[in-house]
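The sequence lines fix the lettering, A, B, ..., with proteins before strands; numbering per chain opens at 1.
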Amino acid sequence: GESVGLHLPTLSVQEGDNSIINCAYSNSASDYFIWYKQESGKGPQFIIDIRSNMDKRQGQRVTVLLNKTVKHLSLQIAATQPGDSAVYFCAENMDTGRRALTFGSGTRLQVQP
Amino acid sequence: SAVISQKPSRDICQRGTSLTIQCQVDSQVTMMFWYRQQPGQSLTLIATANQGSEATYESGFVIDKFPISRPNLTFSTLTVSNMSPEDSSIYLCSVESREQGGTLSSYEQYFGPGTRLTVT
């Protein structure tokens with residue numbers, strides 16, 4: 001079947017290195033942000049979220065940083081593993097009103113063994 | 001988190017025909033969404049489907065082309081009507097799972113596995 005992310009920018013890292021995936025979001029009124037991981041043939045998988053009243057949030061091996069001044073979001077993955085290879089999307093929405101997510105364009109992460 | 005299933009997982013259809021995609025959730029949810037993901041692209045919202053009301057469509061998507069049903073709080077269908085090759089995409093449903101408590105009140109959205117549609 002056809003893969004997701006054929007035409008997406010690609011980040012290639014060595015196994016064990018840290019990865020940083022960046023995202024510029026569009027709506028200055030957005031106050032909730034999510035990072036998703038999508039493997040080939042699967043739906044997006046929730047990784048971590050952050051609200052606009054925070055600038056950093058940590059999960060297991062992942063950290064999300066939010067810079068509202070420049071409307072920038074990043075996902076840091078520590079000690080990247082081959083299983084982390086996937087397409088990563090950031091998504092944004094507003095806490096009130098429209099509840100659906102607006103997705104960024106995505107980045108393909110390739111982990112080299 | 002909610003567990004979401006979709007049927008069919010994939011299909012190959014002839015142009016001019018219609019396909020109905022089913023989305024089943026393991027818990028009651030108020031808000032369900034249908035997205036389209038064209039090959040090599042990101043996700044685009046088609047419509048929001050709330051139980052007991054008409055679906056709300058995004059710009060560029062119309063009810064005649066993508067009729068949606070939402071008969072209860074655990075189920076929805078999306079029909080792709082009068083298909084053309086341009087409708088070849090992955091169609092995904094998602095639900096909003098509202099979790100409150102602690103310092104973060106979140107509205108996490110979870111996705112189904114998607115339906116991969118090819119129109120010939």
Considering non-hydrogen atoms only, spot the tightest contact between [X] and [Y] and give its length.
| X | Y | result |
| --- | --- | --- |
| Phe89(A) | Gln41(B) | CZ-O, 4.1 Å |
| Gln109(B) | Ile34(A) | N-CD1, 4.2 Å |
| Ser42(B) | Phe103(A) | OG-CB, 3.3 Å |
| Leu92(B) | Gly43(A) | CD2-CA, 3.8 Å |

Transitive ILVMFWY side-chain link [X] to [Y], under 4.5 Å:
| X | Y | value |
| --- | --- | --- |
| Ile63(B) | Leu78(B) | yes |
| Tyr91(B) | Phe75(B) | no |
| Leu11(A) | Leu73(A) | yes |
| Ile46(B) | Val29(B) | no |

Quick check on Glu54(B): does its CD atom have over 12 non-hydrogen neighbours (other residues, nucleotides or ligands) under 6.0 Å away?
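It does not: Glu54(B) CD has 12 such atoms or fewer within range.
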Is the closest side-chain heavy-atom distance between Leu101(A) and Phe33(B) below 4.5 Å?
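No, every pair of side-chain atoms sits at 4.5 Å or beyond.
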